[in-house]
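Here is the structure we will look at, set down as structure tokens.
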Amino acid sequence: VKKVELITSESNSKIVFGFDWKRVSEMIPDENVIIITDDNVKALYNDGFPRFPVLSITPGEASKSLSTIEFLVEQMLTLGIDRNGFVLAIGGGVVCDIAGFVASVYMRGIRFGFVSTSLLSQVDASIGGKNGVNCMLSKNVIGVFNQPEFVICDETMLETLPETEYVSGLAELVKSAFIKDPGMIGEIEEGTRSILLRDKAVLREFIFRAVKIKSTIVESDLRESGLRKLLNFGHTFGHAAELEYGIPHGIAVAWGMHSAIHYSYHRGYLKTTETERLNELIDNLGLLKGVSIDGKRISGHLTNDKKREGEEINFVFLSSPGNAFVEKVGISELKTFIESR
Ligand SMILES: NC(=O)c1ccc[n+]([C@@H]2O[C@H](COP(=O)([O-])OP(=O)(O)OC[C@H]3O[C@@H](n4cnc5c(N)ncnc54)[C@H](O)[C@@H]3O)[C@@H](O)[C@H]2O)c1
């Protein structure tokens, strides 16, 4: 078992890899526990759940709303969960975002931990303490920073993940390498075949590496005033595409990274050979297979970007494979670029 300790001034979180998720009982109290999951994960894994009441939500982004939070709080009150209670989330990013939020506000905050079941959630969503729900069309606008006590990343659970969801998670894994780890890019290139075959040992190592990158960044900048912005690589165009087309988060991010790579090239930051190499990796992993996005259709959403500051957005560029930096760019310039794609 490998682990990463994510230590911030506010709280600590322990992330474990290669740990059988069914041993989660060792990490939670003996009573006063509530399990939050979704219907898909429950159908597949219910038999291994610890013996506590289970609240299951409808799978999908639409569940990330205040009405789900209210439903969960009502159920928890009815079940008699008190301020010493514990919320155990077993699910992907949607379940972890919701469960982390409800645990943070229920009776002003109770303890919580995650069994992270999707690749996207293992490498990204369950790490770093951002929890929240959506409102109207704005993602994650109601939320808190609060670290789970533990996150279990058991790669054996990824076997049951639908192909699109697996590929969506791969995009965030690749993102970690693109922004921070030149060596990891080479290893992903060499390991492409094993990754696509979901080789457990190979995945475990890459998930560990991605989490290490994210937690190091989060430790140095919990509230996203500087370095943490790098994690938004691919997300400016990606979020716009996700909103317009309703495609999975990671797929949209893959398209956003592809565009941001071109934009970095266009600005003279990346060389031709570097640009080709990165795009080839995106292609070889099948991240954009069957994806067709019209830049003209998504450009309008840039105006509503949550991260905009006046007429500008902090855009994440690559200066070379494995090195990223942030630069403010005018929204009109971003629109002109993306409309030409
Ligand atoms: N908090 C953060 O820092 C952060 C970071 C990135 C993304 N997110 C959020 O994460 C969410 C996306 O996460 P996601 O991609 O995990 O979505 P998700 O939770 O909706 O899971 C994707 C699908 O896979 C199913 N699933 C999950 N685990 C499975 C398994 N082991 N086997 C079979 N099916 C399984 C789910 O039921 C769902 O249908 C978005 O809401 C996004 O905003 C949060």
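No experiment lies behind these values; they were computed from the predicted model shown. For ligands, and for the atoms within them, numbers begin at 1 and follow the listed sequence.
Checked by distance only, ligand 1 and E61 come closer than 3.5 Å through their nitrogen or oxygen atoms. The distance criterion of under 3.5 Å between nitrogen or oxygen atoms is not met by L120 with respect to ligand 1. The shortest N or O to N or O distance between A125 and ligand 1 is below 3.5 Å. In terms of N/O distances under 3.5 Å, ligand 1 is not approached by V95. Between H249 and ligand 1, not a single N/O pair is under 3.5 Å apart. Looking at N40 next to ligand 1, an N or O pair under 3.5 Å apart turns up. Considering backbone and side-chain atoms alike, D97 places an N or O below 3.5 Å from some N or O of ligand 1. Residue E172 has no N or O atom closer than 3.5 Å to an N or O atom of ligand 1.
Under the 30°/60° scheme for interplanar angles, the aromatic rings of H235 and H239 are found to stand perpendicular. F317 and Y263 have tilted rings, their planes meeting at an angle from 30° to 60° on a 0 to 90° scale. Between F325 and Y269, the ring-plane angle classifies as perpendicular under the 30° and 60° cut-offs. Note: F315 and F237 have tilted aromatic rings, judged against thresholds of 30 and 60 degrees for the angle between ring planes.
From the protein, the heavy atom lying nearest to atom 24 (O) of ligand 1 is E165 CG, 3.8 Å. Ranking protein heavy atoms by distance to atom 30 (C) of ligand 1, first place goes to T160 OG1, 3.5 Å. At the shortest separation from atom 6 (C) of ligand 1 among protein heavy atoms lies D124 OD2, 3.4 Å. If you check which protein heavy atom lies closest to atom 21 (O) of ligand 1, you get G92 CA, 4.4 Å. Among all non-hydrogen protein atoms, the one lying nearest atom 10 (O) of ligand 1 is G93 CA, 3.4 Å. Protein heavy atom at the shortest distance from atom 29 (C) of ligand 1 is L161 CD1, 3.4 Å. Nearest protein heavy-atom contact of atom 18 (P) of ligand 1 is V94 CG2, 3.8 Å.
Inspection of the H249 and E172 side chains reveals an N or O donor paired with an N or O acceptor under 3.5 Å. Using a 3.5 Å distance cut-off with no hydrogens or angles, the side chains of N12 and E5 do not pair a donor with an acceptor. With hydrogens and angles left out, the side-chain atoms of S118 and E165 include no donor and acceptor closer than 3.5 Å. A donor atom on one side chain and an acceptor atom on the other are found under 3.5 Å apart for Y45 and T160.
At a heavy-atom cutoff of 4.0 Å, ligand 1 is contacted by the side chain of D38 but not by its backbone. Of the heavy atoms in K214, only side-chain atoms (C-beta onward) come closer than 4.0 Å to ligand 1. Residue L44 touches ligand 1 through its side chain alone, judged by heavy-atom distances below 4.0 Å. At a 4.0 Å heavy-atom cut-off, ligand 1 does not touch L158 at all.
Salt bridge status for E311 with R308: present, with a side-chain N to carboxylate O gap under 4.0 Å. A salt bridge does not link E280 with R277: none of the charged nitrogens is closer than 4.0 Å to a carboxylate oxygen. E163 has a carboxylate O that lies under 4.0 Å from a charged side-chain N of R198, or vice versa, which qualifies the two as a salt bridge.
Listed by number with element, the atoms of ligand 1 under 4.0 Å from a non-hydrogen atom of K139 are 40 (C), 41 (O), 42 (C), 43 (O). Here is the list of ligand 1 atoms found below 4.0 Å of a heavy atom in Y45: 31 (N). The distance from ligand 1 to the heavy atoms of T117 drops below 4.0 Å at these ligand atoms: 27 (C), 28 (N), 29 (C), 30 (C), 31 (N). Taking a cut-off of under 4.0 Å to the non-hydrogen atoms of S118, the atoms of ligand 1 that pass are 14 (P), 16 (O), 28 (N). Near M157, the atoms of ligand 1 lying under 4.0 angstrom from a non-hydrogen atom of the residue are 30 (C), 31 (N).
Residue K139 qualifies as enclosed at atom NZ: its count of foreign heavy atoms under 6.0 Å is above 12.
The side-chain tip of R267 does not point at the ring of F337 from less than 6.0 angstrom away and within 45° of straight on.
The closest approach between a heavy atom of P162 and any atom of ligand 1 is below 4.0 Å. Note on ligand 1: H239 sits outside its first shell, no heavy atom being nearer than 4.0 Å.
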Full working for ring-ring contact (aromatic ring centres under 6.0 Å, His included) between H266 and H262: CA-CA 6 Å; H266 178 77; H262 272 284; 9.5 Å; no
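Linking Ile, Leu, Val, Met, Phe, Trp and Tyr residues whenever their side-chain heavy atoms come within less than 4.5 Å places L196 and I188 in a single cluster.
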